[in-house]
Amino acid sequence: MVMEHFRDVEFMNFRATCKHCYLAAPLRRPHMSSPWLLVLRNNHDIISFIDPMCGDEYVVKTSPELLHSQCSIICSRYGWLLMLNNRGHIPELVFCNPFTGKIRKLPSAKPCSFGSLCFSAPPTSPDCMVVGFTTHGPYHVYIHFMSREPPSWRRYRWDDYGNDPHSYLFSTFSDRSIYALCNNGRVDAFSFSDRGKGGYSLKVVKVEAPTRPRANFYLSKCDQHLLLVIVGEYGESVEAFKLNESTKEWEKINDLGKHMIYISETSCIWLDAKSPQMGNKIYFPRYHKNDTKAKSPQMGNDIYFPRLLHHSNTKIVFYSLETCRYHTFDGNNIQESCADLLGTSQPCNPHTWIE
């Protein structure tokens, strides 16, 4: 079919043409040249996708199972969102594919309240493992295998830390270990050893991170390498470090080469750039100050198909490691230049980067 040759933007534009085109092209995960910024709008009933390259914005309705639920985004990877659905008396963890609307539910971990979670593969994969961290209750590490029956969580205590559990952010898988930011200032590695009969033991190794006061830390992985990004409180400084696996020391890098990084409060994605102009840059979920479009799109009940907001010209801010300044794209051209993030704004609604 002709649609199989459409690029991501062309496919979304075709679906938005009319009802017949919408029905002829079921929504699927597009072949995206880069992650898009996803924003939950209109009481989380509308999902907005923003292309960081051209600034186009597309909107679709949220999956019916999540309408009016006031969901919060925990993390994003492999084209799926891991969310906390707050509809009903008991919040539940769910996977949601925003492109297809598919939902995969996780078992209850009550009374646990997770501080962070991560997953190793798409939830449809038999290899998908979900790991959660919490500072509440007698157990502090929870593991769930999506393909195993009956659904349940394996629970582990902090044997190394006694009664002083730590909070973790940006947990990410690397080989057979999980790395996570501890209290926004140290990286801990968790190794799980198979003891047979479905049992696992937990080993924790501390990896000291560079000390930076009043800064935000982000952790990611690409090509079996672990990456740490440190951003000053107001964006006045941006540093990237790669972990030396032999010495367990962080080595500063000044050039990402063909790679690009997308960071937000719920995601840190390190990928190969599919076009030269997108490489060696770190993308932020922030709009340039001259961009007046930060409002939610108004969609009535008669809107039944995804559409391009033609009035939208959202300029996503990125940091160039070549110029050491912030810029935006104007088509394929780079424009704007500022030294920090003070002149930018970010979505007030839940948001993340989606692959």
- Task: Applying side-chain contact (heavy atoms from CB on, under 4.5 Å), name anything that partners Glu233, two or more places apart in sequence or on another chain.
- Result: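 For Glu233 the side-chain contact (heavy atoms from CB on, under 4.5 Å) partners, ignoring immediate neighbours, are Arg214.
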
- List for me each residue that meets side-chain contact (heavy atoms from CB on, under 4.5 Å) alongside Thr247, sequence neighbours excluded, and say none if there are none.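 In terms of side-chain contact (heavy atoms from CB on, under 4.5 Å), with neighbours along the sequence ignored, Thr247 is linked to Asn244, Glu249.
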
- Query: Just by modelled atom types, is the Leu37 backbone N or O under 3.5 Å from a matching donor or acceptor in the Tyr262 side chain?
  - Reply: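 The answer is no, because no donor-acceptor pair under 3.5 Å joins these two groups.
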
- Between His259 and Asn280, a side-chain donor and acceptor under 3.5 Å: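 No - no donor-acceptor pair under 3.5 Å links their side chains.
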
Indicate yes or no: at least one non-hydrogen side-chain atom of [X] is less than 4.5 angstrom from one of [Y].
| X | Y | result |
| --- | --- | --- |
| Ser63 | Ile103 | yes |
| Ser220 | Val229 | no |
| Leu93 | Asn85 | no |
| Ile354 | Phe49 | yes |
| Leu106 | Leu82 | yes |

- Item | Pair Asp188 + Arg186, salt bridge at N-O below 4.0 Å |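 Looking at Asp188 and Arg186, the cut-off is met.
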
Can you see which heavy atom on [X] is nearest to which on [Y], and at what distance?
| X | Y | answer |
| --- | --- | --- |
| Ile263 | Trp353 | O-NE1, 2.9 Å |
| Tyr218 | Cys268 | CB-SG, 3.7 Å |
| Arg212 | Phe241 | NH2-CZ, 3.6 Å |
| Gly79 | Pro98 | O-CD, 3.5 Å |

- Do Trp153 and Phe114 have ring centres separated by under 6.0 Å?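 Trp153 vs Phe114: aromatic centres under 6.0 Å.
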
- Item | Cation-aromatic face contact Arg148/Phe145, 6.0 Å, 45 degrees |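 Here Arg148 passes the 6.0 Å and 45° test against Phe145.
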
- Can you list the residues that meet the salt bridge (charged side-chain N to carboxylate O under 4.0 Å, His left out) rule with Glu245, with sequence neighbours excluded?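 Applying salt bridge (charged side-chain N to carboxylate O under 4.0 Å, His left out) to Glu245 gives Lys248.
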
- Decide yes or no on ring-ring contact (aromatic ring centres under 6.0 Å, His included) for Phe284 and Tyr326, but give the supporting numbers first. CA-CA 10 Å; Phe284 291 77; Tyr326 294 91; 5.7 Å; yes

- Evaluate the ring planes of His327 and Phe318, with Trp represented by its six-membered ring, and classify them as parallel (under 30°), tilted (30 to 60°) or perpendicular (over 60°).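 Rings of His327 and Phe318: tilted, as their planes differ by 30° to 60°.
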
